[in-house]
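Have a look at the structure below before the remarks.
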Number of protein chains: 2
Amino acid sequence: MQTRGTREDDAIMAKAPTVYDVAERARVSIASVSRVLRNPDSVKEQTRERVLEAVRHLGYVPSANARGLAARRTNVIGLFFPGHDDVAGSDGRLVAASGGVTVVRDDATGDPETHNYYFDEVLRGAEIEAWRRGFALMVAAGRGASREAIVNDIAGRVDGLAVLARTVPDELLAHVARRIPVVVLAATRGTDEFDHVSVNNAPGMRAITEHVLGTGARRLMYIAGPEDSPDDRERLEGFRAAVDGAEGVSVELVRGDFSRVRGREIALRIEAMPEAIVCANDQTALGVLDAMGRRSISVPDDVMVTGFDGIAAGRHSTPRLTTVHQPMVELGRAAIQALTARLDDPSLEAQSLVLPVQVVLRDSCP
Amino acid sequence: MQTRGTREDDAIMAKAPTVYDVAERARVSIASVSRVLRNPDSVKEQTRERVLEAVRHLGYVPSANARGLAARRTNVIGLFFPGHDDVAGSDGRLVAASGGVTVVRDDATGDPETHNYYFDEVLRGAEIEAWRRGFALMVAAGRGASREAIVNDIAGRVDGLAVLARTVPDELLAHVARRIPVVVLAATRGTDEFDHVSVNNAPGMRAITEHVLGTGARRLMYIAGPEDSPDDRERLEGFRAAVDGAEGVSVELVRGDFSRVRGREIALRIEAMPEAIVCANDQTALGVLDAMGRRSISVPDDVMVTGFDGIAAGRHSTPRLTTVHQPMVELGRAAIQALTARLDDPSLEAQSLVLPVQVVLRDSCP
DNA sequence: AGCCCAACTGTATGCGCTTACAGTTGTACT
DNA sequence: AGTACAACTGTAAGCGCATACAGTTGGGCT
């Protein structure tokens with residue numbers, strides 16, 4: 001097996017050094033090198049030192065590919081979520097190579113940021129948990145047509161895959177799930193093929209709506225999200241449950257799209273102001289608050305507003321936003337936990353975890 | 001080479017299927033399977049169909065490890081950044097397995113969110129660019145002592161590594177850089193061993209400070225960030241440059257730590273109110289705005305406030321925050337570009353890219 | 001019919017590790 | 001001194017794929 005060409009130690013290496021290079025320099029076998037790296041105590045100190053010296057000297061970094069191949073596991077977990085597809089100005093080359101400074105005036109007429117930080121938080125949770133369990137995290141965003149290729153690619157690289165709801169068609173997921181465990185986030189699907197982690201959407205929305213009704217409000221408006229969102233469906237369901245349980249309540253239902261702009265648009269056009277506007281998510285609610293500010297309508301005195309998600313921006317809005325906080329970081333962590341649990345014991349039943357939410361009362365609906 | 005045990009097609013496979021399984025079912029050699037996957041046109045259609053059928057039937061997903069090992073590249077790029085170490089409640093197990101709903105009142109006395117969204121944005125940019133160039137993205141956060149192990153681990157998994165400034169000691173970086181290209185973000189170091197991508201900190205801060213001075217303000221306060229931050233150092237430098245160029249300006253320098261809480265604390269304690277408070281970043285400035293609101297001090301009438309970063313929250317604060325927008329998404333993208341450029345041509349000179357910034361005038365300092 | 005070449009397919013090797021298993025050494029015993 | 005065994009270390013066999021190279025096949029030509 002020693003057909004490998006001997007390399008010069010001190011010459012600049014064209015290729016990255018391998019165990020063989022290290023072994024040669026330390027005058028041991030490659031097995032010992034491997035041991036020093038994976039299980040240092042199983043090697044005599046003197047030998048270990050020689051190996052470590054060689055590692056340092058050569059700038060050796062073990063190839064995770066070879067490791068993964070030999071050990072049959074990658075120690076990586078994948079996280080797949082809906083893509084931030086089209087970012088303004090993402091068209092290829094950077095505008096300037098060596099920067100200047102320009103000055104612009106932003107009078108708030110432009111589009112507010114549409115991105116929501118939901119995924120960032122989930123990602124953060126996932127990253128934390130993955131690290132604690134000794135896994136690296138690979139992230140990928142789903143984008144249009146190439147989705148299938150990407151998912152397959154990622155699936156080949158990881159030991160487990162967490163997927164945000166509705167990002168990937170069931171069929172593809174099923175294909176992938178034959179190879180590695182898959183957990184679906186934020187959606188309780190009918191099928192029970194995979195593990196699921198979601199939050200208590202319906203009960204949360206029900207609880208905050210009941211709080212609204214508890215203030216005496218009877219004329220409500222509900223601004224929903226996109227119809228294809230399972231989250232939205234559940235929240236609407238919770239809203240209905242609360243309303244159905246109360247006397248003499250009138251409801252106007254408006255379809256939004258979870259975005260801040262859309263919330264603002266809708267609120268700007270309201271003619272008969274309700275006593276309370278219940279929004280399916282925070283971004284929408286923040287848009288509503290923007291609109292009310294512009295229209296000089298006082299929140300909560302003239303109309304109360306509530307959101308759902310608990311994004312950070314709601315803590316600092318004017319007025320501060322009453323909302324249902326869902327544990328986004330926990331969601332990410334739970335996903336990793338579910339995955340590692342299944343890796344430890346593949347025979348586990350598919351489980352469906354529902355995380356608790358918290359109604360947070362702030363100024364917009366005290 | 002056919003020592004591998006034949007497997008039952010329809011039986012539930014204990015292990016993931018491999019090229020061998022696919023080849024067997026499609027009655028071709030593994031080479032053809034590989035060809036179908038990598039270069040479909042080089043195989044006769046009829047054969048291709050058989051292979052694809054087998055792939056589908058068996059739920060085959062190619063192992064990226066084996067691929068990477070054979071092809072000597074992973075097509076993954078790593079992103080390493082300072083960790084979100086200690087998240088509240090990150091201690092192991094989840095509290096509830098099947099959630100309820102609780103209600104709390106948030107009267108704004110608690111700690112505001114300390115996290116800043118800088119990294120999320122950079123990550124987003126990196127993800128986008130990586131995807132466009134056919135790379136997957138692996139993320140890892142640096143945490144205390146295990147940093148070295150993590151970096152080494154990641155380095156073994158990727159073709160290139162982007163590192164946020166000061167996350168990793170130079171020595172470690174140098175070790176890793178012997179194997180793969182490394183680009184350092186948001187820091188122009190003295191050494192020119194690696195590629196660098198950063199933003200125009202000093203000129204940006206200088207420009208916004210000059211704007212402040214242009215309003216006639218002469219008594220300024222500057223709330224800096226932590227001393228070990230290169231960003232902070234450059235910004236302070238820019239501030240000084242602007243101030244030095246003006247007549248009769250008095251400056252009070254206070255040391256903050258880039259956090260919102262700290263900004264608020266500092267602003268709550270100010271006795272002799274300056275005409276303007278220039279903050280080293282947005283979070284700090286937002287904290288200052290919080291404090292001013294609480295103290296019923298009008299911004300910008302009684303005191304002007306400026307930030308630096310251009311985070312989304314600044315667009316919606318009360319009053320809206322004047323700041324220097326740095327292209328965080330672009331930063332991430334540029335990092336990936338630098339990396340891929342070097343992968344394409346390893347002989348490239350170490351380059352140092354400086355991205356332009358933009359002064360954004362809003363209500364807090366019109 | 002015989003030849004040549006394009007188009008396709010198969011064989012065999014090795015990528016850089018981990019790890020079962022088989023030595024090898026040193027030492028505590030009998 | 002001889003034996004047994006613990007503590008190390010080395011040998012060798014893959015892990016699943018890509019790919020250079022060597023067939024094989026089937027026209028189109030002469």
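Note on naming: letters A, B, ... go to the chains in the order of the sequence lines (proteins, then strands), and numbering restarts at 1 for each one.
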query = In whole angstrom, what separates A/Arg67's CZ from C/dC15's C1'?
reply = 16 Å
request  = Determine, stepwise, if the pair A/Glu53 / A/Arg56 fulfils salt bridge (charged side-chain N to carboxylate O under 4.0 Å, His left out).
outcome  = CA-CA 5 Å; A/Glu53 186 281 332; A/Arg56 252 174 275 124; over 6 Å; no
key: Listed nucleotide nearest any side-chain atom of B/Leu69, set C/dC17, D/dG16, D/dC17   = D/dG16
query = How close or far is atom C1' of C/dT19 from atom CZ of A/Arg73, stated in whole angstroms?
reply = 16 Å
key: N/O donor-acceptor pair under 3.5 Å between A/Arg178 side chain and B/Leu58 backbone   = yes
query = Once you round it to whole Å, what is the distance between P of C/dG16 and CG of A/Leu37?
reply = 15 Å
message = Within this structure, what is the CG-CG distance for the pair B/Leu37 and B/Leu52, rounded to the nearest 0.5 Å?
response = 7.5 Å
key: Nearest-nucleotide pick for B/Ala71, side chain only, options being D/dA18, D/dG16, C/dC17   = D/dA18
task = Would you mind reading off the bend of the helix from C/dA1-D/dT30 to C/dT30-D/dA1 from its two end axes, five pairs each, to 10 degrees?
result = 50°
Interatomic distance, A/Asn65 CG vs C/dT18 P [rounded to whole Å] = 12 Å
task = Decide side chain to side chain contact (heavy atoms under 4.5 Å, CB included) for A/Phe80 and A/Val168; before the verdict, give the C-alpha distance in whole Å, the side-chain angles of both, and the deciding distance to 0.1 Å.
result = CA-CA 9 Å; A/Phe80 199 84; A/Val168 180; 3.5 Å; yes
inquiry  = Would you compute the distance between atom NZ of A/Lys44 and atom OG1 of A/Thr47 and round it to the nearest 0.5 angstrom?
reply    = 5.0 Å
inquiry  = For a 4.5 angstrom cut-off between non-hydrogen side-chain atoms, does A/Tyr60 reach A/Val19?
reply    = yes
remark   = A/Asn39 CG to C/dT19 P, in whole Å, measures 10 Å
Where A/Leu164 and A/Phe81 come nearest, the two heavy atoms and their spacing = CD1-CB, 3.7 Å
inquiry  = Please compare B/Arg72 and B/Ser42 by the position of their nearest nucleotide in DNA chain C and report the one closer to 5'.
reply    = B/Ser42
query = Under the 3.5 Å rule, do the base of D/dC15 and the side chain of B/Tyr20 count as making a donor-acceptor pair?
reply = no
message = Out of the candidates B/Leu173, B/Val197, B/Asp195, only one should pair with B/Val184 under the side-chain contact (heavy atoms from CB on, under 4.5 Å) rule; please name it.
response = B/Leu173
query = Contacts to DNA chain D from residues 43-53 of chain B, heavy-atom cutoff under 4.0 Å, which residues?
reply = none
request  = Check whether any side-chain N or O of A/Arg133 sits under 3.5 Å from a backbone N or O of A/Thr340 as a donor-acceptor pair, and report yes or no.
outcome  = no
message = Regarding B/Arg35, tell me which of base, sugar-phosphate or nothing describes its non-hydrogen contacts under 4.0 Å with the strands shown.
response = base
inquiry  = So if I take residues 26-34 of chain B and measure heavy-atom distances to DNA chain D, which residues fall below 4.0 Å?
reply    = B/Ile30, B/Ala31, B/Ser34
B/Asn65 side chain to B/Ser63 side chain, donor-acceptor N/O pair below 3.5 angstrom = no
request  = Measure the spacing between CD1 of A/Ile77 and CE of B/Met138 and express it to the nearest 0.5 Å.
outcome  = 11.0 Å
